[in-house]
2 protein chains.
Amino acid sequence: MSARATTRPGGRSARVQQSVHQAVRDLEAELGRDALTVPLIAARAGVTPSTVYRRWGDLRELLSDVAVERLRPDALPADHGSLRADLEAWAAQFADEMSSAAGRTYIRDALLGDPEQGNAARCSDYAAEQLKAIGVRAAGRGEAVPGVETLLDVVVAPLMYRILFRPSDLSEGYTGHLVAAALGGDSAPSAPKS
Amino acid sequence: MSARATTRPGGRSARVQQSVHQAVRDLEAELGRDALTVPLIAARAGVTPSTVYRRWGDLRELLSDVAVERLRPDALPADHGSLRADLEAWAAQFADEMSSAAGRTYIRDALLGDPEQGNAARCSDYAAEQLKAIGVRAAGRGEAVPGVETLLDVVVAPLMYRILFRPSDLSEGYTGHLVAAALGGDSAPSAPKS
DNA sequence: GAACCAGACGCAACTCCTTCGCGTTAAGCT
DNA sequence: AGCTTAACGCGAAGGAGTTGCGTCTGGTTC
């Protein structure tokens, strides 16, 4: 049902998918996300609307695909010399990007794809890959490293929960507090009031 | 923009809102959620489609309102005699309800409402109220009680993250593991592999 | 390398969701 | 009771979403 598993990866189908995705990005930048419609996107991409409906089935599904691509990290997390520094830097950047208006829109769009496994799981996989890379690097230094599952539970999940459900309660030092909780160290000064 | 803050809470407006909400629930049970359309709902509710569009602006917004109402807990958490037992029972029930097909649909619908504060925050408030009630009761017994913020971070957020992003990775004893992490006790046997 | 098969696309017509202006109704207030 | 204004009903116009059919292209097989 999704366009990802195209049965014909090469040739025309690939060109259509590429041009449609590009049209979404262009029009989103020009007109804003709320102005996007399938006929508009199709016209910009040089295809007919029915093609888009057949491949993606829905505007939501198409936007979900594009959103997941934009959420894909473009590089491995930077090396700051220690597990704690790496995690804090990564979590801070993650929180910044995801809590922005654009980031929240992409997350929401990504969550709207096919409800079963699919686009949403990819977002989590991206975070897991980054955390795993940080963990492997720290293990190479001889540091004790929490498992990826634990980091997802203790750092990523609370951040995402606040971004999605409590957008107003995302303070500055919160990521530091979460990393400290994950590593068992001291909490950052601006820990939650409890 | 949302229908909640109706400037005229009484009289006809209230009747319209009530009948429209009821129509959504009825039609959702009869035809399934995907078959819902604004004209259909309006006809069942005995109003014109333009009324629905004016009040809610969008089918998504209307479904978001209805979903939040369905996510509202109908009773205070049961008393099992101890903080740990109360938390485990509540978390297990929460996970069950939210990870079901209907629960996930309601959560997704609720998240689609007005992006700023609104319906999504209500969902979190519901959980916070329940946790606070459990906490107050435990404090009355003389138990040491983690703050609501901590419980949201350590128990609710990981559950919700898995439900939304990793629907396949929600094992049986996971909630027990999370409660144990929150209370500092031993982990349940089926803890994550890390 | 040439013919075959199947999936994907373009085209066009149809349905109906969505929007908007205007007149009417009723809720809240003095 | 009269007034003000928000909310609703109605109807028309525009546009999104859907579908059937023919054509084309990419992959496969002989």
Side-chain angles (χ1 to χ4, degrees), chain A residues 1-28 30-67 109 112-115, chain B residues 1-24 26-28 30-66 109 112-115:
Chain A
M1 184 172 292
S2 182
R4 256 169 285 108
T6 308
T7 49
R8 292 185 172 178
R12 185 170 61 171
S13 295
R15 279 197 306 275
V16 167
Q17 168 162 351
Q18 196 170 4
S19 67
V20 168
H21 277 211
Q22 190 61 43
V24 170
R25 286 187 289 265
D26 292 348
L27 290 171
E28 187 176 350
E30 294 176 17
L31 308 175
R33 184 188 163 283
D34 293 337
L36 296 184
T37 65
V38 170
L40 198 68
I41 295 167
R44 172 67 66 100
V47 299
T48 59
S50 60
T51 296
V52 175
Y53 285 117
R54 265 187 259 268
R55 293 255 312 215
W56 285 273
D58 202 344
L59 175 62
R60 281 171 23 197
E61 201 71 31
L62 171 57
L63 292 181
S64 179
D65 273 14
V66 176
D109 284 343
L112 292 181
D114 37 296
Chain B
M1 181 170 293
S2 183
R4 254 170 285 108
T6 308
T7 51
R8 292 184 171 178
R12 185 170 61 169
S13 295
R15 280 198 304 276
V16 167
Q17 168 162 353
Q18 195 170 2
S19 68
V20 169
H21 277 211
Q22 189 62 43
V24 170
D26 291 348
L27 289 172
E28 187 176 350
E30 293 176 18
L31 308 175
R33 183 185 164 283
D34 292 339
L36 297 184
T37 66
V38 171
L40 198 66
I41 295 166
R44 172 67 65 103
V47 298
T48 58
S50 60
T51 295
V52 175
Y53 283 116
R54 264 186 261 267
R55 293 252 315 212
W56 283 273
D58 203 345
L59 175 62
R60 281 173 21 200
E61 201 70 33
L62 171 57
L63 292 181
S64 178
D65 274 13
V66 176
D109 284 343
L112 292 181
D114 36 296

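Every chain is numbered from 1, with letters handed out A, B, ... down the list of sequences.
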Undergrad: Whole Å only: how far is the CD atom of B:Glu61 from the P atom of C:dT19?
TA: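 About 13 Å, once rounded to whole Å.
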
Undergrad: Looking only at atom types and distance, does a side-chain atom of B:Arg55 sit under 3.5 Å from a main-chain N or O of B:Ser13, one as donor and one as acceptor?
TA: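 Indeed, once roles are kept as given, a pair shorter than 3.5 Å links the two residues.
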
Undergrad: Looking at C:dG21, does its base get a donor-acceptor pair with the side chain of B:Arg54 below 3.5 Å?
TA: yes

Undergrad: Hey, does the side-chain of B:Ser50 have a donor or acceptor N/O within less than 3.5 Å of a partner on the base of D:dC10?
TA: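 Result: at least one qualifying N/O pair found.
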
Undergrad: In plain terms, say whether A:Arg60 and A:Asp109 are close enough for a salt bridge, that is, a side-chain N and a carboxylate O under 4.0 Å apart.
TA: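 The answer is no: the pair does not qualify as a salt bridge.
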
Undergrad: Please report the distance, rounded to the nearest Å, between CZ in B:Arg60 and P in C:dT18.
TA: 11 Å

Undergrad: Which whole-number value in Å describes the distance from B:Tyr53 OH to D:dA12 C1'?
TA: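 The answer, rounded to whole Å, is 15 Å.
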
Undergrad: Between A:Arg25 and A:Glu30, does at least one N-O distance fall below 4.0 Å, as a salt bridge requires?
TA: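 Salt bridge: no.
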
Undergrad: Between C:dT18 atom P and A:Leu59 atom CG, what is the distance in whole Å?
TA: 13 Å

Undergrad: Rounding to an integer number of Å, can you tell me how far B:Arg15 CZ sits from C:dA26 P?
TA: 9 Å

Undergrad: Taking CG from A:Leu36 and P from D:dG17, how many angstroms apart are they, rounded to a whole number?
TA: 11 Å

Undergrad: In whole angstrom, what separates B:Arg12's CZ from C:dT24's C1'?
TA: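 Result: 9 Å.
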
Undergrad: How long is the straight-line distance from CD1 of B:Ile41 back to CG of B:Leu59, given to the nearest 0.5 Å?
TA: 5.5 Å

Undergrad: Starting from the 5' end of DNA chain D, give me the residue, A:Leu40 or B:Thr48, whose nearest nucleotide shows up first.
TA: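 On the 5' side of the pair lies B:Thr48.
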
Undergrad: Rounded to whole Å, please give me the gap between CZ in B:Arg55 and P in C:dC20.
TA: 19 Å

